[in-house]
Amino acid sequence: MPAPAPAPGLLRRYALGLWLCGIAALGAIEFHRAACATGTCAPSLVAWLWLAGTCATGLSGVALLLRELRRRR
């Protein structure tokens with residue numbers, strides 16, 4: 001009888017959630033860059049779209065991380 005396969009590592013289990021959170025962090029940097037491009041922070045429509053995408057991506061990443069955390073308990 002073959003031995004059971006070892007459980008996947010921590011990084012492999014959380015990879016997609018971590019990746020989405022990383023993309024959200026880059027989006028937050030891009031929001032700041034677009035909002036403060038002229039030296040004063042006055043967000044334009046493009047900056048607000050970056051922020052909306054960042055929030056959606058970040059929430060998706062956190063939801064995936066929490067789902068995997070609950071599954072492993």
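Please read these numbers as outputs of a predicted model, since none were measured by experiment. All values below were derived from every heavy atom in this structure, side-chain atoms included, with hydrogens, water molecules and symmetry-related copies excluded.
Taking the side chain as every heavy atom from C-beta outward, C21 and V62 approach each other to under 4.5 Å. Here the side chains of L69 and Y14 are in contact, with some heavy-atom distance below 4.5 Å.
For the side-chain contact (heavy atoms from CB on, under 4.5 Å) criterion with L64, the lone passing option out of L16, L18, L59 is L16.
To the nearest 0.5 Å, atoms OG1 (T57) and CH2 (W19) are separated by 8.5 Å. We find the CZ-CG distance between R70 and L66 to be 5.5 Å, quoted to the nearest 0.5 Å.
Under a hydrophobic-cluster definition in which Ile, Leu, Val, Met, Phe, Trp and Tyr are linked whenever side-chain heavy atoms come within less than 4.5 Å, directly or via other members, I29 and L51 are assigned to different clusters.
Closest non-hydrogen pair, W50 versus A34, comes out as CD1-CB, 4.5 Å.
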